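Chain naming here is simple, since letters A, B, ... match the order of the sequence lines and numbering starts at 1 in each. Please read all numbers here as calculations on a predicted model, not as lab measurements.
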Amino acid sequence: MSNTESSLSEQQEIRLEKLQKLRELGVNPYPFEYDVTHHSADILENEDKFISEDDTEDNSHSVSVAGRVMTQRIMGKASFFTIQDSQGTIQIYIRRDDVGVEEYNKVFKKLVDIGDFVGIKGFVFKTRTGETTIHAEEFHFLGKTVRPLPTPKEVENEEGETVTYDAFSDKELRYRQRYVDLVVNTDVKKVFKQRTQMVQAMRNFMNDRGYMEVETPILQPIYGGAAARPFKTHHNALDMDLYLRIANELYLKRLIVGGFDGVYEFSKDFRNEGLSRFHNPEFTQVELYVAYKDYNWMMDFMEEMIEKVALELHGTTKVTVGENEIDFKRPWPRIPMYEAIEKETGFDLAGKSEDEIREIARELSIHVEDEMGKGKLIDEIFGETVEPKLIQPTFITDYPIEMSPLAKKHRSKGGVVERFEAICNGKEIANAFTELNDPVDQRERFEEQARLRTEGDEEAMTVDEDFLKAIEYGMPPTAGIGIGIDRLAMIMTNSDSIRDVLFFPLMRPEKD
RNA sequence: GAAUCGGUAGCUCAGCUGGUAGAGCAACGGCCUUUUAAGCCGUGGGUCGAGGGUUCGAGCCCCUCCCGAUUCACCA
């Protein structure tokens with residue numbers, strides 16, 4: 001998008017003029033590198049090591065920092081300003097007589113704006129008001145910004161609370177211009193650091209147990225592994241339609257067939273659905289498959305892993321989410337689905353026919369449609385009556401077979417499979433089963449899905465012949481799980497929208 | 001997809017029953033060598049989301065559309 005002059009704001013035009021003036025003064029507005037020796041937090045957290053006792057120049061305590069100018073307080077021949085680097089902000093004290101008249105009067109006072117990158121070399125001291133500050137001996141221009149940043153101000157009031165003035169708070173702008181959001185709203189960085197920390201903790205946990213991180217195709221000729229509508233694309237050279245994966249389950253299981261004991265993948269999955277506080281069309285799951293294990297083992301595994309994540313992020317198993325305090329301490333309750341429904345509604349669905357269940361749904365005044373099969377009806381009843389009430393982490397086990405075409409039939413109970421979902425804060429955060437490894441049963445389940453599909457269920461799975469072939473070659477007993485990374489991140493960072501844990505959530509394009 | 005609320009200066013917002021678009025911060029010019037939302041004096045800055053309509057006159061009223069937030073519906 002080319003900016004014609006008339007489309008520039010006054011402030012942008014002024015900054016472009018300053019850019020030109022810098023060049024005229026022989027200052028490169030965009031130099032190539034700068035030698036940074038310290039970051040703001042290094043200095044502030046260990047200030048005693050840096051502060052010169054007699055408040056004079058002492059080269060042994062020299063520091064060199066770089067960052068964006070965020071505030072300026074110019075007072076004639078001396079000034080204070082703060083710079084923000086990757087770790088936080090630190091105050092700089094600069095005097096005309098230290099850095100030179102030309103540098104101070106012409107460059108610093110006239111041509112530096114909020115947002116510009118500068119490098120400072122100097123020594124650390126404490127001002128009369130007690131703020132640890134770098135006394136600049138050298139001032140280097142490191143990068144001109146030609147668009148003004150929002151300028152929020154944070155200040156502590158008398159009660160010691162931090163008050164923010166003029167916060168950059170327009171959610172639309174924050175999501176569209178996340179780079180600005182990150183610069184200006186310091187808490188945002190914290191959320192994303194925690195998200196990464198969470199993923200690292202999970203990765204380490206799985207690596208420590210010897211499971212292998214793998215990559216499987218995103219472009220798939222047949223999509224499967226979940227109930228969802230896909231994105232479709234096309235490969236030109238092969239003239240072939242492809243789908244963006246909705247899950248990677250079927251590929252990871254092929255790898256178990258191939259002989260790995262445990263494989264996992266943090267995978268971006270894509271589902272062609274609406275957007276909401278809990279849904280983004282691309283989202284992240286980690287899926288893990290472990291040979292010779294079942295879903296009971298997987299529950300132990302999950303609660304241990306998530307408890308550890310909470311401990312690593314918060315130092316405690318208790319996490320505050322909105323008005324709730326969620327405790328991830330093991331063990332989590334394990335409740336069979338029908339029991340959970342009966343406890344909440346008084347209706348026992350076990351052994352009931354589709355029509356009977358439809359009637360119960362109506363009695364509970366739950367919205368049902370004619371094309372809903374038994375599985376969907378039960379899911380609907382559960383979702384309406386039980387799920388929202390499960391705030392503390394809970395395993396709901398033993399799902400109806402109709403809604404679980406990839407899970408193994410329960411070893412002792414009829415009509416259900418060995419499947420669990422982990423529910424937390426009223427939402428599903430994980431889905432797991434003892435994997436179906438009987439190829440004959442699997443083919444029948446696929447065929448049932450195909451039948452639902454012809455009846456109009458757009459989310460029913462298609463038959464994946466190659467996957468069937470794979471398990472016909474033999475798959476060991478296997479436990480598998482998928483954990484929603486975005487939803488878990490929402491809980492772990494106390495965010496109430498999925499957009500707050502995605503750097504770049506999907507937005508409609510802006511129109512001029 | 002529906003309902004509600006919102007879109008005014010770089011940012012945050014005000015703008016009454018329709019009557020020449022405002023404030024704070026930011027910017028610009030000046031004063032100020034340990035300041036704390038620094039201060040003081042002065043100055044400039046707007047396609048009021050877009051288009052149409054009503055009116056002598058629209059930021060405000062009416063219609064259509066765009067974008068967002070929230071809730072619901074759909075959906076892992």
Side-chain angles (χ1 to χ4, degrees), chain A residues 6-15 17-18 55 70-82 91-99 104 109-110 113-115 125-135 145-157 162-177 180-181 184-185 225-229 246-247 269-281 283 285 367 369 376 379-380 383 387 403 421 423 427-431 458-459 482-484 486-487 496-499 505 507-512:
Chain A
S6 59
S7 76
L8 291 181
S9 71
E10 180 196 34
Q11 294 194 38
Q12 284 175 276
E13 283 176 17
I14 288 166
R15 284 173 181 231
E17 283 165 23
K18 288 178 176 177
D55 196 357
M70 295 307 280
T71 64
Q72 289 180 106
R73 291 180 288 285
I74 294 175
M75 303 173 302
K77 300 181 189 68
S79 305
F80 288 90
F81 62 99
T82 53
Q91 180 169 263
I92 313 293
Y93 177 58
I94 185 169
R95 292 195 305 201
R96 185 193 69 185
D97 297 343
D98 295 323
V99 298
Y104 184 81
K109 273 173 76 174
K110 295 288 179 190
D113 287 303
I114 288 173
F125 77 109
K126 226 172 217 193
T127 63
R128 279 179 204 158
T129 54
E131 181 162 350
T132 301
T133 301
I134 300 173
H135 188 134
T145 155
V146 296
R147 196 183 277 271
L149 282 173
T151 53
K153 294 278 170 65
E154 283 186 357
V155 68
E156 273 187 22
N157 65 13
T162 302
V163 185
T164 305
Y165 298 85
D166 295 338
F168 179 57
S169 56
D170 183 316
K171 284 196 174 184
E172 179 176 357
L173 280 177
R174 290 181 52 204
Y175 297 142
R176 287 190 193 281
Q177 299 180 226
V180 175
D181 193 28
V184 150
N185 292 325
R229 280 190 288 168
I246 58 172
D269 292 340
F270 306 85
R271 297 188 185 176
N272 210 337
E273 291 157 0
L275 290 77
S276 82
R277 209 151 65 80
F278 295 101
H279 299 86
N280 195 64
F283 65 101
Q285 277 199 94
H367 174 82
E369 279 165 32
K376 279 238 171 190
D379 193 31
E380 198 66 24
E387 195 174 53
M403 55 190 288
E421 289 192 358
I423 318 279
K427 282 275 165 189
E428 175 204 341
I429 56 171
N431 180 21
E458 284 185 87
E459 294 182 346
I483 302 174
D486 310 286
R487 294 213 182 147
D496 58 12
S497 170
I498 195 170
R499 295 185 186 96
M507 304 282 280
R508 271 177 224 267
E510 277 182 289
K511 288 197 179 171
D512 299 308

### Query
Just how far, in rounded Å, is P of rG68(B) from CG of Asn280(A)?
13 Å
### Message
What's Arg229(A) touching, base or sugar-phosphate or nothing? Going by heavy atoms closer than 4.0 Å.
### Response
nothing
#### Entry: rG29(B) phosphate, OP1 or OP2, under 4.0 Å from Lys109(A) side-chain N/O
no
### Summary
Met75(A) atom CE is separated from rA38(B) atom P, nearest whole Å, by 11 Å
### Query
Quantified in whole Å, what is the P atom distance between nucleotide rA50(B) and nucleotide rC40(B)?
36 Å
### Query
Distance-only, no hydrogens or angles: does the Asn280(A) side chain make a donor-acceptor pair with backbone N or O of Phe283(A) under 3.5 Å?
no
### Polar pair under 3.5 Å, donor/acceptor by atom type, side chain Gln285(A), base rA76(B)
no
### Message
For the C1' atoms, the ones on rA21(B) and on rG45(B), what distance do you get once it is rounded to whole angstrom?
### Response
13 Å
### Query
Do Glu131(A) side-chain and rU34(B) base share a donor-acceptor contact under 3.5 Å?
no
### Message
Measuring only the P atom in each nucleotide, how far is rU35(B) from rU17(B)? A whole number of Å is fine.
### Response
49 Å
### Query
Could you give the CE-to-C1' distance, from Met507(A) to rG49(B), as a whole number of Å?
15 Å
### Message
Partner lookup for rA2(B), please. Criteria are Watson-Crick or G-U wobble with both distances under 3.5 angstrom; report none if nothing qualifies.
### Response
rU71(B)
### Query
Taking atom C1' in both rG15(B) and rA23(B), what distance in whole Å separates the two?
11 Å
### Whole-Å gap separating P (rC11(B)) and CZ (Arg174(A))
14 Å
### Query
Taking CD from Gln72(A) and P from rA38(B), how many angstroms apart are they, rounded to a whole number?
11 Å
### Query
Going by 5.5 Å between centroids and 30° between planes, is there a stack of Tyr165(A) over rA37(B)?
yes
### Summary
Comparing nearest nucleotides in RNA chain B, the 5'-proximal residue of the pair Ile14(A), Asn431(A) is Ile14(A)
### Message
Both Thr129(A) and Tyr175(A) contact RNA chain B. Which one's nearest nucleotide lies toward the 5' end?
### Response
Thr129(A)
### Summary
Considering only heavy side-chain atoms of Arg128(A), the closest of rU35(B), rG10(B), rG68(B) is rU35(B)
### Query
With a non-hydrogen cut-off below 4.0 angstrom, is Ser276(A) in contact with a base, only sugar-phosphate, or nothing?
nothing
#### Entry: Separation of rA76(B) C1' from Asp486(A) CG (nearest whole Å)
12 Å
### Query
Applying a 3.5 Å limit to both distances, which nucleotide forms a Watson-Crick or G-U wobble pair with rG39(B)?
rC31(B)
### Task
In whole angstrom, give me the gap between the P atoms of rG18(B) and rG59(B).
13 Å
### Task
Please state how far atom CZ in Arg508(A) lies from atom C1' in rG1(B), giving the value in whole angstrom units.
11 Å
### Pi-cation contact, Phe278(A) with Lys427(A) (under 6.0 Å, within 45°)
yes
#### Entry: Assigned partner base of rU55(B), Watson-Crick or wobble definition, under 3.5 Å
none
### Task
Would you sort out whether Thr133(A) and Phe125(A) count as a side-chain contact (heavy atoms from CB on, under 4.5 Å), showing the intermediate values?
CA-CA 5 Å; Thr133(A) 301; Phe125(A) 77 109; 3.7 Å; yes
#### Entry: Minimum side-chain heavy-atom gap Tyr93(A)-Ile134(A) below 4.5 Å
no
### Side chain Thr129(A), main chain Thr127(A), donor-acceptor under 3.5 Å
no
### Task
Check the distance between rC11(B)'s P and Lys153(A)'s NZ and give it to me in whole angstrom.
15 Å
### Task
Measure the shortest side-chain to side-chain distance between Pro281(A) and Leu275(A) over non-hydrogen atoms and say whether it is less than 4.5 angstrom.
yes
### Task
Between rU55(B) and rC63(B), how far apart are the C1' atoms? Round to whole Å, please.
16 Å
#### Entry: For rC25(B), the Watson-Crick or wobble partner whose two distances fall under 3.5 Å
rG10(B)
